[in-house]
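Report on the structure given below.
Per chain, numbering begins at 1; letters A, B, ... match sequence-line order.
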2 protein chains.
Amino acid sequence: MKNPITGLNKIFDNRIRLGVMSVLMVNEEISFNDLKQLLEVTDGNLATHLVNLEENGFIKVHKGFIGRKTNTTYSITRQGEKSFSDHITALENMIKGVK
Amino acid sequence: MKNPITGLNKIFDNRIRLGVMSVLMVNEEISFNDLKQLLEVTDGNLATHLVNLEENGFIKVHKGFIGRKTNTTYSITRQGEKSFSDHITALENMIKGVK
DNA sequence: AAAAGCACTTTGTAATACAAAGTATGTGAA
DNA sequence: TTCACATACTTTGTATTACAAAGTGCTTTT
């Protein structure tokens with residue numbers, strides 16, 4: 001038998017970062033506020049995880065407007081897609097092992 | 001859209017505990033040492049996570065012998081199977097969402 | 001002019017994770 | 001019989017992480 005948890009990405013051990021990534025896999029972009037409500041987190045906490053994901057090159061930020069209100073949105077990067085897919089694959093392999 | 005990370009069990013956010021559980025889903029029992037080598041962790045760290053899993057009622061401990069050498073093995077409980085299955089289901093649902 | 005919203009940053013604290021060292025018990029070798 | 005070694009921990013100390021709450025700067029709404 002081999003180590004079932006190799007290939008898991010440490011960045012995605014955290015559930016909020018995991019949540020952000022899986023949302024961004026299926027949504028072209030999402031706003032800060034929508035993300036905050038969806039994941040049910042405080043804004044400070046969310047902001048920290050978003051910075052982390054951005055610094056790791058997994059997401060990118062777009063500062064825009066809705067009318068004249070600021071509206072920040074986030075989207076996934078190529079590298080983010082790749083790294084998250086790899087993580088999902090590792091999870092699936094682990095799950096396959098237990099079934 | 002709904003929160004993709006609801007249903008995930010916080011105990012299984014940690015990769016070592018996740019690893020222990022997935023090993024115990026497919027092995028009737030495993031010894032402390034085998035687990036340590038398989039998951040590539042220090043014994044102190046592993047022991048801590050095993051205590052955590054035991055206190056949560058997910059695994060049980062059997063202190064036995066091989067010949068006259070002590071041999072501690074671990075196995076999953078009914079509740080552990082249930083909780084871990086639920087976690088896997090939650091993961092699968094999350095993954096389904098991103099595919 | 002005041003209050004409120006957005007998207008943060010800063011601050012402080014609590015929880016978590018981990019390595020390393022120490023411990024108790026027993027075994028095998030010299 | 002004494003010494004080194006193994007098992008399965010526990011203890012200790014530290015580093016990392018996560019989080020809430022409060023503060024900030026800007027803008028918009030009332």
Side-chain angles (χ1 to χ4, degrees), chain A residues 3-6 8-24 27 29-56 58-76 87, chain B residues 3-6 8-24 27 29-56 58-76 87:
Chain A
N3 190 342
I5 58 170
T6 47
L8 295 180
N9 190 322
K10 286 200 174 153
I11 302 293
F12 307 137
D13 279 354
N14 177 275
R15 54 173 52 219
I16 296 174
R17 292 193 296 266
L18 194 70
V20 170
M21 293 304 284
S22 59
V23 167
L24 289 182
N27 295 90
E29 57 174 16
I30 189 168
S31 72
F32 185 87
N33 258 322
D34 286 350
L35 214 39
K36 179 178 141 184
Q37 274 156 46
L38 187 58
L39 301 177
E40 298 162 84
V41 282
T42 55
D43 56 352
N45 193 10
L46 177 58
T48 306
H49 290 299
L50 288 171
V51 166
N52 179 314
L53 289 171
E54 203 203 339
E55 282 174 351
N56 279 285
F58 295 157
I59 64 171
K60 50 181 186 301
V61 184
H62 315 265
K63 276 148 199 296
F65 294 88
I66 288 184
R68 289 148 104 189
K69 262 188 175 170
T70 60
N71 181 260
T72 306
T73 62
Y74 300 86
S75 64
I76 202 165
H87 183 75
Chain B
N3 189 342
I5 57 171
T6 47
L8 295 180
N9 190 323
K10 283 196 178 160
I11 302 293
F12 306 137
D13 280 354
N14 178 275
R15 54 174 51 220
I16 296 174
R17 292 194 295 266
L18 194 70
V20 169
M21 293 303 285
S22 58
V23 167
L24 289 182
N27 295 89
E29 58 173 16
I30 188 168
S31 72
F32 184 86
N33 259 324
D34 286 350
L35 215 39
K36 179 178 142 186
Q37 273 155 47
L38 188 58
L39 300 177
E40 297 162 85
V41 282
T42 55
D43 56 352
N45 193 11
L46 178 59
T48 307
H49 290 299
L50 289 171
V51 166
N52 179 314
L53 289 171
E54 203 203 340
E55 283 175 350
N56 278 286
F58 295 156
I59 64 172
K60 52 181 185 299
V61 185
H62 314 263
K63 276 149 200 294
F65 294 87
I66 288 185
R68 290 148 102 187
K69 264 189 174 169
T70 60
N71 181 259
T72 306
T73 61
Y74 301 86
S75 63
I76 202 164
H87 182 76

Study note, to complete from the structure: Span of DNA chain D engaged by chain B, first through last nucleotide within the 4.0 Å heavy-atom cut-off, is D:dT7 to D:dT10
Identify the pairs formed between an N or O of the protein and an N or O of nucleotides 3-6 of chain C at a distance under 3.5 Å, and give each distance.
{"unit_1": "C:dC6", "atom_1": "OP1", "unit_2": "A:N33", "atom_2": "ND2", "d": "3.3"}
{"unit_1": "C:dC6", "atom_1": "OP2", "unit_2": "A:N33", "atom_2": "ND2", "d": "3.4"}
{"unit_1": "C:dC6", "atom_1": "O5'", "unit_2": "A:N33", "atom_2": "ND2", "d": "3.1"}

Exercise for review: Report the distance from atom CD1 of A:I16 to atom P of C:dT16, rounded to the nearest whole Å.
Suggested key: 14 Å
Point to revise | Exercise: identify the closest heavy-atom pair between A:N3 and A:T6 | key: O-OG1, 3.2 Å
Exercise for review: Apply side chain to side chain contact (heavy atoms under 4.5 Å, CB included) to the pair B:L24 and B:F58, showing each step before the final yes or no.
Suggested key: CA-CA 10 Å; B:L24 289 182; B:F58 295 156; over 6 Å; no
**Study point:** Value in whole Å for how far the C1' atom of C:dC8 lies from NE2 of A:H62
**Key:** 17 Å
Check your understanding: Under the side chain to side chain contact (heavy atoms under 4.5 Å, CB included) criterion, do A:L8 and B:L18 qualify, and how do the steps go?
Key -> CA-CA 11 Å; A:L8 295 180; B:L18 194 70; 3.9 Å; yes
Point to revise | C:dC18 phosphate, OP1 or OP2, under 4.0 Å from B:N14 side-chain N/O | key: yes
Point to revise | Upstream residue (5' side of DNA chain D) when B:K10 and B:V51 are each assigned their closest nucleotide | key: B:V51
Practice item. Measure from the side-chain heavy atoms of A:K63 and tell me the nearest of C:dA17, C:dA7, C:dT9. Key: C:dA7
Review point. Counting any heavy atom closer than 4.0 Å, what does A:R15 reach on the DNA or RNA strands: base, sugar-phosphate only, or nothing?
Key: nothing
Point to revise | For B:T73, the option from B:K60, B:E29, B:H62, B:K63 that meets side chain to side chain donor-acceptor pair (under 3.5 Å) | key: B:E29
Exercise for review: Could you check how far CG of B:D43 sits from P of C:dT23, rounded to whole Å?
Suggested key: 15 Å
Practice item. Give one of base, sugar-phosphate or nothing for A:L50, where a contact means two heavy atoms less than 4.0 Å apart. Key: nothing
Exercise for review: Check whether any side-chain N or O of B:H49 sits under 4.0 Å from OP1 or OP2 of C:dC18, and answer yes or no.
Suggested key: yes
Point to revise | Sugar-phosphate, base or nothing in reach of B:Y74, heavy atoms under 4.0 Å | key: sugar-phosphate
**Study point:** B:N52 CG to C:dC18 C1', straight-line distance once rounded to whole Å
**Key:** 14 Å
Revision key, fill the gap. In B:N9, B:N14, B:D13, the residue satisfying side chain to side chain contact (heavy atoms under 4.5 Å, CB included) with B:I11 is B:N9
Point to revise | Integer-rounded Å distance: C:dG22 C1' and B:N45 CG | key: 17 Å
Review point. Side chains of B:I30 and B:L38: does their closest heavy-atom pair fall under 4.5 Å?
Key: yes
Exercise for review: Please report the shortest heavy-atom distance between A:Y74 and A:L50, naming the atom on each side.
Suggested key: CZ-CD1, 3.6 Å
Exercise for review: Output yes when a side-chain donor or acceptor of A:N56 lies under 3.5 Å from a complementary backbone atom of A:N52, and no otherwise.
Suggested key: yes
Practice item. For A:V61 and A:T72, work out which heavy atoms get closest and say how close. Key: CG1-CG2, 3.5 Å
